[in-house]
Amino acid sequence: MLFSKMFIPTLRGIPSEAEAVSHKLMLRAGYVRQLAAGLYIFLPLGWRVLNRINRILKEEMEAIGAQEISMPILHPAEIWQKTGRWHEIKEEMFRLKDRTDRDMCLGMTHEEIMTWLASKEIRSYRDLPQIWYQIQTKLRDEARPKSGILRTREFIMKDSYSFDIDEDGLEKSYNLHAEAYHKIFKRCGLRFYQVESDPGMMGGAFAHEFMAPSPAGEDEIVLCDKCGYTANVEVARSVSPMSSDMGWEYEEVHTPQKRTVAEVSGFLNIEPAYFIKSLLFMAAEGPVLVLIRGDQELHEKKLIRIIGPFRTALKEEVLSILGVEAGFIGPMEHKVRILADQSIKKGIYISGANKSDFHVKGIKPDIHFKAEWHDLHTAKEGDACPECNTLIKIEKSIEIGNIFKLGIKYSTPLNAVFLDKDGQEKPLIMGSYGIGPARIAAAAVEQNNDKDGIIWPKNIAPFDVEIIPLNINDQRTMDISELIYANLKNNGIEVLMDDRDERPGVKFKDADLIGIPIHIIIGEKALKDGLVEVKKRHIKEIRKIPLEDVIKETFAVMNEIE
RNA sequence: CGGGGCGUAGCGCAGCCCGGUAGCGCGCCUGCUUUGGGAGCAGGAUGCCGGAGGUUCGAAUCCUCUCGCCCCGACCA
């Protein structure tokens, strides 16, 4: 491909709307443009990247026996009503009516439609297992699109769905996907982790996410270098360091106007880890008192999994339900349901005295109060691994893929059943598995760039090699360039040749920005000695190579880089 | 949905407080020179000042409403 014939609108300046590194670079390098909030146009270079990613996705999906199909993105409401998600999902779903006033929606995912198809077509255990996938547009009216193509309202997803006769079959399909995903992300040149995750509104019991560490990521993951424990903070367990027993007697302490842990801790000059925070929440079942150690934070999702949706109690509610002013609540002697984080199951603590301006020192769990013990705190730096007790790390990460065991969540309401060997009717056991190609691209840029621009991993770069003739008005430069260009193409290499009548500086700057991994520079100086230069974009290393060895050298360099 | 910021030339911005012919830099077009890291000189084009109302002799500027975009938070199969 000739640069002069390709639409590559690079920018010198950085558009002010961009914040994330990948967003800035993909705008500047001419990969994408924004149409509206969360809606992006992929320009020729950007589209080539996505297509290379999609090719890898297809190869690895076909390798596990998945079959590509294509489903509509316009769906009748009826199917979504049957699974309940028409009502469960709120503003995030785009809804519309057709000309006959029938309710329709735009697909945000395809469990319903895939299951509908299976319910119509799968009759016998002999038809199973099946894995169907597509690379298809999804639409979600996100509350807050952000970070360029990392979070958009319309995006392409590789989504696959497995149908099995039993849990063992699902286990196999799930593991096949996990293995395929590892291969895919590795081929795409990403650093990533597979972590335990929250199944969320997808339902089902078991799920993992694939996470690419990056400061631009929206999720935090917990990592243990020693034993390999990995989990999204939404579900991550951790062991908080224990404080030593101070041997306090149970006694009230006067703490006038000191309400928060920070205030009381400062006033008494005692570490926050010796405090118990008592928080009152209102759930569907009624008020619930939640106890968290003073130096920790409640993870709301963990609480939601136990008591369902909740809100914090108002000041008046605290007073009427617990009979004490907020700020002086203690865990002792309340009639409401009490949940406590496991990290305060042992030790000796300070908390509110259940009367204004007083706290109590010397509180012992199970002696001075009773509670249901749960994991409620948010894992943080300084905590230890729940498996092997070494210090954990926390990293921000981009979710690039996920896998869910769904079981019968969709097959039952949509009556997707089959007859087993014994003639018994049984629901299909399902899994669903997603990957966002644009997020792979963005994560690749986030993880691989320098001050000059993008450094694409070789398998997803828009081209393998960029040829840079420095002076297109020099006949010999052009003859050699075209010869190398034709030669590489004949050897199956995708080549971009910068044939523009621009000064060398402009070409170097654009080449670095665009980020094709190998540059072949053809200049008059080196040519006098029969040499051209082969440059690795990522380390800017330049080798001068005799003309006749260029093709061989290019292949050698391609093998050296990631 | 809560909080904050911003809409003026293709991009980045000034002008607004204090109303009076819409500017700067980069980019773009033409010509000449230049050609190993975003060239130099000369000439040129480009604006519904986000939109609608209002105040005024007169509005980019003041007032009201509205739309859009970004950031933080909530939310996120």
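Quick note on labels: first sequence line is chain A, next is B, and so on, each numbered from 1.
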P-based separation of A9(B) from A14(B) [nearest Å]: 12 Å

Atom pair distance, as rounded to whole Å: CG in Asp219(A) and C1' in C75(B): 13 Å

Any pair counted as side chain to side chain donor-acceptor pair (under 3.5 Å), so long as it reaches residues 434-448 of chain A, sequence neighbours left out: Ser22(A)-Glu446(A)

Sole residue of Ile156(A), Leu50(A), Val49(A) in side-chain contact (heavy atoms from CB on, under 4.5 Å) with Phe42(A): Leu50(A)

Can you give the donor-acceptor pairs under 3.5 Å from side chains of residues 505-519 of chain A to other protein atoms, not counting sequence neighbours?
| unit_1 | atom_1 | unit_2 | atom_2 | d |
| --- | --- | --- | --- | --- |
| Lys507(A) | NZ | Pro469(A) | O | 2.8 |
| Lys507(A) | NZ | Asp498(A) | O | 3.0 |
| Lys507(A) | NZ | Arg500(A) | O | 2.8 |
| Asp510(A) | OD1 | Thr10(A) | OG1 | 3.1 |
| Asp510(A) | OD2 | Arg500(A) | NH1 | 3.2 |
| Asp510(A) | OD2 | Arg500(A) | NH2 | 3.1 |
| Asp512(A) | OD1 | Lys535(A) | NZ | 3.4 |
| His519(A) | NE2 | Ile516(A) | O | 3.0 |

Pair Arg95(A) + Asp103(A): basic N to acidic O under 4.0 Å: no

Summary of protein contacts for nucleotides 4-13 of chain B, nucleotide by nucleotide, where a base hit scores B, a sugar-phosphate-only hit scores S (4.0 Å, heavy atoms): -------SSS

Among C69(B), G36(B), C71(B), the nucleotide that comes nearest once only the side chain of Ala36(A) is considered: C69(B)

Euclidean distance, atom NZ of residue Lys544(A) to atom C1' of G36(B) [Å, nearest integer]: 10 Å

Closest to the Arg28(A) side chain, choosing from G38(B), C70(B), G37(B): G38(B)

Side chains of Glu154(A) and Thr152(A), donor plus acceptor under 3.5 Å: no

Sugar-phosphate, base or nothing in reach of Lys24(A), heavy atoms under 4.0 Å: nothing

Partner of Tyr31(A) by ring pair (Phe, Tyr, Trp, His ring centres under 6.0 Å), out of Tyr40(A), Trp456(A), Phe7(A): Trp456(A)

Rounded interatomic separation in angstrom, taking CD from Glu91(A) and C1' from A74(B): 12 Å

Proximity to the side chain of Pro504(A) - top-ranked nucleotide from C70(B), G73(B), G36(B): G36(B)

Selection from G38(B), G73(B), C69(B) that lies nearest to any side-chain heavy atom of Val506(A): G38(B)

Rounded distance in Å - NZ (Lys146(A)) to C1' (C75(B)): 11 Å

Selected nucleotide, minimal atom distance to Gln34(A) side chain, candidates G38(B), C69(B), C71(B): C69(B)

Nearest-Å distance once atom C1' is located in both A60(B) and U21(B): 13 Å

Contact nearer the 5' end of RNA chain B, comparing His23(A) with Leu527(A): Leu527(A)

Spacing of Arg12(A) atom CZ relative to G38(B) atom P, expressed in whole Å: 9 Å

Rounded interatomic separation in angstrom, taking CZ from Arg311(A) and C1' from C1(B): 17 Å

Assigned partner base of C57(B), Watson-Crick or wobble definition, under 3.5 Å: G20(B)

Sugar-phosphate only, base, or nothing, as touched by Tyr433(A) at under 4.0 Å among non-hydrogen atoms: nothing

Closest to side chain of Arg503(A), choosing from G37(B), U35(B), C69(B): U35(B)

Protein-nucleotide distance (Asp498(A), atom CG; G36(B), atom P), rounded to Å: 15 Å

Assigned partner base of C28(B), Watson-Crick or wobble definition, under 3.5 Å: G44(B)

Between U35(B) and G23(B) - P atom distance, rounded Å: 38 Å

Side chains of Leu57(A) and Ile435(A) in contact at under 4.5 Å (non-hydrogen atoms): yes

Ile435(A) vs Ile522(A), nearer the 5' end of RNA chain B by closest nucleotide: Ile522(A)

Listed nucleotide nearest any side-chain atom of Ala143(A), set A74(B), G36(B), C69(B): A74(B)

Short N-O contact, Asp164(A) and Lys172(A), less than 4.0 angstrom: no

Touch class at under 4.0 angstrom, heavy-atom based, for Glu209(A) against every strand present: nothing

Ile472(A) CD1 - U35(B) C1' separation (whole Å): 11 Å

